[in-house]
Amino acid sequence: MKTGKLLIFGAAALLTACSAAYEGNDAFQVTPLKDILAPIRVGAAIDNWTLQNEQNMELFSRHFNSATCENSMKPIETERNEGEFTFDTPDKVTDFVLGNKDAVMRGHCLIWHSQCPSWLTEDSTLVFQRMKEHIFAVMNHYKGKVYCWDVVNEAIDDGPGFLRNSQWTRCAGQHFIDSAFVYAHQADPDALLFYNDYGLNNPQKREKCYQLVKGMLERGIPVHGIGMQGHYNVTMDYSTVDESLTRFEELGVLIQFTELDIAGGGPDRRSMRRQMGQDRPNGTQGQQQDQMAAFGGYSGNGGLQMPELTDEQKMHQDSLVTEAYRKFFTVVKKHRKSIHTITFWGLSDNYSWLNSRSRQNAPFLFDGEYKAKNAYFAVRELWNNRK
Ligand code: G3I
């Protein structure tokens with residue numbers, strides 16, 4: 001190679017290295033996640049808390065092109081009392097999201113056993129009319145704005161049963177799911193309708209979900225997709241996710257990861273107590289308070305507020321979370337053609353349902369200081385490596 005060309009080559013290599021170094025890990029500088037993973041859409045669970053902070057909104061706009069309201073679109077929030085609808089928060093969130101030209105809005109959720117007002121299922125002679133009216137009211141309000149819905153959430157039993165023993169099965173019977181999807185399709189024929197659940201990588205629950213959706217398709221029920229929530233952790237076997245994707249691909253429906261976060265890797269209350277020789281606080285209430293204070297006091301909901309992780313604990317947790325994301329996205333890459341959207345159940349580590357108790361988790365690709373974590377770079381490297 002002529003000297004001149006060698007110099008140009010060397011300069012280019014140096015520039016690349018510098019730009020990479022210059023890029024650093026500022027979440028507002030690194031390559032947008034939605035560009036890395038395209039055409040798979042990348043979503044985040046956001047809500048009113050997001051709109052209170054410019055950095056949260058900027059982080060969403062830069063890296064995500066799909067959103068789900070973490071809580072404000074759920075039945076208890078939209079129709080706490082029969083016939084009284086509250087849409088102002090989800091409206092604000094939806095308007096913000098759709099203000100991003102490339103973003104779409106998921107609806108979560110219409111029918112669920114949790115965060116569901118009791119009046120919906122207090123009278124078996126009225127339950128289907130009430131279900132229909134709730135679904136019609138909410139979907140009509142968001143018609144043209146929400147392109148897909150988690151119509152029924154978490155209806156499959158975690159134990160030996162097929163469906164969860166909930167107020168819905170007790171009041172409306174085993175076929176409430178069919179009815180919910182039929183009503184949803186009548187309310188908005190253009191909306192994509194998902195069955196959404198957690199733990200669908202568990203072989204037994206996987207098979208129940210497969211049979212549930214297969215039966216719905218055979219009965220002509222309008223179900224378009226499966227939402228695998230994806231509340232995963234640093235110790236699980238990600239080959240189970242691979243097996244579930246393979247199984248669900250047989251159904252020919254859309255597949256989305258709807259609530260991805262990766263828990264664990266840090267100290268939890270039990271191990272912390274063992275470590276401090278405090279299996280259970282004992283003594284008088286005052287003494288208990290003193291003992292608990294050693295953990296850093298109480299969290300807002302009365303749970304145990306864990307102390308700040310040490311730097312060593314944070315580094316250990318970061319390496320475990322990074323490795324788990326590498327395993328997860330290796331599986332996703334294998335199934336990339338059948339995965340429609342991956343929604344993280346949050347934006348960054350400074351806000352996660354996982355930490356509302358006393359567990360210390362760092363479940364996302366961006367940390368609490370709006371920096372891209374090692375997990376972000378691991379995913380980007382893995383994804384950009386075309387092998
Ligand atoms: O709105 C009330 C507020 O008025 C009150 O002062 C406060 C007191 O604690 O509670 C607030 O409600 C909380 C609600 O989040 C809104 O912040 C509830 O206590 C709290 O339990 C609820 O937690 C949500 C949880 O669903 C409820 O099951 C989490 O934020 C949310 O991330 C989580 O999301 C679920 C998905 O919808 C379905 N899949 C599982 C996932 C994790 O549980």
Side-chain angles (χ1 to χ4, degrees), residues 43-53 56 60 64 66-81 84-90 92-93 105-118 120 134 138 146 148-158 164 166-168 177 180 193-202 205 209 225-233 236 241 244 255-264 298-305 341-364:
I46 61 175
D47 225 325
N48 200 37
W49 54 268
T50 317
L51 308 183
Q52 312 306 317
N53 176 309
N56 283 339
F60 175 83
F64 302 92
S66 176
T68 307
C69 284
E70 184 180 15
N71 286 294
S72 62
M73 227 179 247
K74 293 172 178 174
I76 194 74
E77 302 295 346
T78 54
E79 194 179 3
R80 189 174 296 270
N81 302 304
E84 296 172 21
F85 294 95
T86 310
F87 295 124
D88 51 350
T89 296
K92 284 181 198 145
V93 175
M105 194 74 199
R106 296 193 81 254
H108 175 84
C109 52
L110 294 169
I111 300 299
W112 189 20
H113 65 276
S114 179
Q115 291 180 281
C116 179
S118 56
L120 264 169
H134 176 74
V138 176
V146 171
C148 80
W149 284 94
D150 292 334
V151 176
V152 173
N153 192 40
E154 305 178 6
I156 291 173
D157 186 50
D158 288 326
R164 175 190 298 270
S166 75
Q167 68 271 41
W168 287 103
I177 299 173
L193 307 179
F194 281 73
Y195 173 75
N196 190 53
D197 213 329
Y198 62 85
L200 295 183
N201 61 307
N202 168 289
K205 200 164 181 181
C209 181
I226 291 172
M228 298 175 68
Q229 289 185 5
H231 292 296
Y232 297 147
N233 60 66
M236 63 179 267
V241 179
S244 291
I255 300 171
Q256 293 190 4
F257 287 97
T258 52
E259 305 181 14
L260 179 64
D261 42 34
I262 294 187
Y298 281 80
S299 63
N301 64 1
L304 194 65
Q305 186 61 51
T341 299
I342 298 173
T343 296
F344 292 82
W345 203 239
L347 280 172
S348 67
D349 290 349
N350 58 5
Y351 191 97
S352 165
W353 73 285
L354 289 169
N355 291 332
S356 60
R357 301 265 183 274
S358 57
R359 294 163 289 175
Q360 294 285 13
N361 294 280
F364 301 119

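Just so you know, ligand 1 is whichever comes first in the structure, and atom 1 is the first atom listed for that ligand. Predicted model only: the values in this text are computed from it and were never measured.
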Contact summary for Ser244 and Met228, nearest pair of heavy atoms: CB-CE, 3.8 Å
Show which atoms of ligand 1 fall inside a sub-4.0 Å distance from at least one heavy-atom site of His108. 36 (C), 37 (O), 38 (C)
Heavy-atom pairs closer than 4.0 Å: do any link ligand 1 to the side chain of Asn196, the backbone, both, or neither? neither
Note: Tyr198, heavy atoms under 4.0 Å from ligand 1, region reported as neither
Using the six-membered ring of Phe85, assess whether NZ or CZ of Arg80 lies under 6.0 Å from its centre and within 45 degrees of the ring axis. no
Between [X] and ligand 1, does any nitrogen or oxygen pair lie at a separation below 3.5 Å?
X      : result
Trp353 : no
Gln229 : yes
Glu259 : yes
Glu77  : no

Considering residues at least two apart in sequence or located in another chain, which fulfil the side chain to side chain contact (heavy atoms under 4.5 Å, CB included) criterion with Arg164? His113, Glu154, Asp158, Ser166, Tyr198
So, do Trp49 and Tyr351 have ring centers that fall under 6.0 Å from each other? yes
Residues at least two apart in sequence or cross-chain that pass ring-ring contact (aromatic ring centres under 6.0 Å, His included) with His108, listed by chain then number, are Trp345
